[in-house]
There are 2 protein chains.
Amino acid sequence: MSPRGREPLTRERVLGAALELADGGGFESLSMRKVAAAVGVEAMSLYNHVANKEDLLDGLVDIVFGELEAPEPGAADWKDALRRRAHSMRDVLNRHRWAVGLMESRVAPGPENLRFHNATMGCLREAGFGFREAVHASSVLDAYIYGFALQERSLPFDTPEEHGAVIEVKQAAIPDMTPFPYLVEVMTEMATAGYDYATEFAFGLELILAGLEP
Amino acid sequence: MSPRGREPLTRERVLGAALELADGGGFESLSMRKVAAAVGVEAMSLYNHVANKEDLLDGLVDIVFGELEAPEPGAADWKDALRRRAHSMRDVLNRHRWAVGLMESRVAPGPENLRFHNATMGCLREAGFGFREAVHASSVLDAYIYGFALQERSLPFDTPEEHGAVIEVKQAAIPDMTPFPYLVEVMTEMATAGYDYATEFAFGLELILAGLEP
DNA sequence: ACCTGAACACCGTTCAAGT
DNA sequence: ACCTGAACACCGTTCAAGT
């Protein structure tokens, strides 16, 4: 029995604690020692359930893939299915900002990763896209979605008002903006009207979806 | 005089050594101690020329922004200017793969960063885009470019042949692919025909450019 | 003014030792 | 079978001390 009669440590409990740490304190606060402390154990005990930190990250990333809404097989409206998929990805990547740079770079894709990408390719192929066309379509969609999430990630607040305040601080830190008139325009406009990420995301997504056809 | 009659240490020399380290050994090999060793000094000496590691990264990122080809003021063909800008960004981000996750998230934008974004907004505004339209356009373009670079970054090789070989290894590592028929199609096709990132990038870029109009 | 040694509070990971 | 203490080779950064 574990110390203090705790339930036994499992890979799932380790991943769960790690996910909570990453979502809460950010990726840099995700250390083996802190994960261990969160499950009430010494750091070295984690290696009984996880090969190393890379393996832990693989597990975390696949949990995130599991939260994504994959297109249903045989969806009636493929464009709507891809639209819902894209919005789901933005939502999930905003919940797990630390994951943005990791999702695409896993060398060992997990089962949820495979499921998700298989469903995406299936949606496109069934909609009548040729093989190369389907690759093109999913490539441009995912590049846009991940890239948008990357830009959105850096902003540590949610409402347009908060955003405006930060822009003002940023602007004040720059000595002389006169050589950059178009940036002045952007910053003053952002500071007053704010910046709506949801609208912005939808604009680019619809532009891309409009350009895709089997 | 510095030890062994070396030229004096400057911020530029520190940034130059750091850039070389990051480009060579990858971002994780970029430590204050290794940068210091590269310029023949102890780690603590760097703090005379750089506030901290964050400041060093700010400096590196702005060097990368300086390598980007910004649209010329008064460009005759705005679409071609943005096309050249996009390809330049892909080239530079491939030379400095470590920079992909950092470019968009700098809290303190450097002068080259300002120059580049001002030129981009200027190109769009002069082409007749309204303010919000210009923001939409640069947002979708940059999200796509950064996202594409993010996906391209993970592949540590350049030719389609090498890529095919890695796909085969990846495929062999997965136990049972029968639940994922569309992925099997992707992987066999990739393993035989390879994957041309330049063509793929151009497809998405042209799709987006075609959808943009003032 | 710039460089350094020693120190602090951290990392991931290994390994022999415990139960 | 699982957990641990001690250890190793690293981090970024501070600070008092050197020149």
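- Between A:Phe201 and A:His87, the two ring planes are perpendicular [angle over 60°; tilted spans 30° to 60°].
- Separating the CG atom of B:Asn52 from the P atom of D:dC11 is a distance of 17 Å, rounded to the nearest angstrom.
- In the set C:dC11, D:dC3, C:dC3, D:dC3 carries the atom at the smallest distance from any side-chain atom of A:Leu9.
- Nearest nucleotide to the A:Tyr47 side chain, out of C:dG12, D:dT4, C:dT4: C:dG12.
- Closest to the side chain of B:Ala43, out of D:dT13, C:dT4, D:dG5, is D:dT13.
- Taking atom NZ of B:Lys53 as the reference point, atom P of C:dA9 lies 21 Å away to the nearest angstrom.
- Looking only at side-chain heavy atoms (C-beta outward), A:His136 and B:Glu200 come within less than 4.5 Å of each other.
- Rounded to whole Å, the distance from CG on A:Leu30 to P on C:dG12 is 8 Å.
- B:Ser31 comes within contact range of the sugar-phosphate backbone alone, with a heavy-atom separation under 4.0 Å but no base atom that close.
- The six-membered or imidazole ring of A:Phe148 lies away from that of B:Tyr146, with a centre-to-centre distance of 6.0 Å or more.
- In this structure, A:Met32 places its CE atom 19 Å from P of D:dC10, rounding to the nearest Å.
- A:His117 and A:Asn113 share a donor-acceptor pair across their side chains, judged by distance under 3.5 Å alone.
- Heavy-atom nearest nucleotides on DNA chain D were determined for A:Arg33 and for A:Leu46, and the one closer to the 5' end corresponds to A:Leu46.
- In this entry the distance linking CG of A:Leu57 with P of C:dC11 reads 15 Å, nearest Å.
- Side-chain atoms of B:Met44 lie closest to C:dG5 of the nucleotides C:dG5, C:dT14, C:dC3.
- In this structure, B:Arg11 atom CZ and C:dA1 atom P are separated by 19 Å, rounded to whole Å.
- C:dG5 is paired with D:dC15 under the criterion used here, namely a Watson-Crick or G-U wobble arrangement in which both key atom distances are under 3.5 Å.
- When the P atom of C:dT4 is taken as reference, atom CD of B:Glu42 falls 5 Å away, rounded to whole Å.
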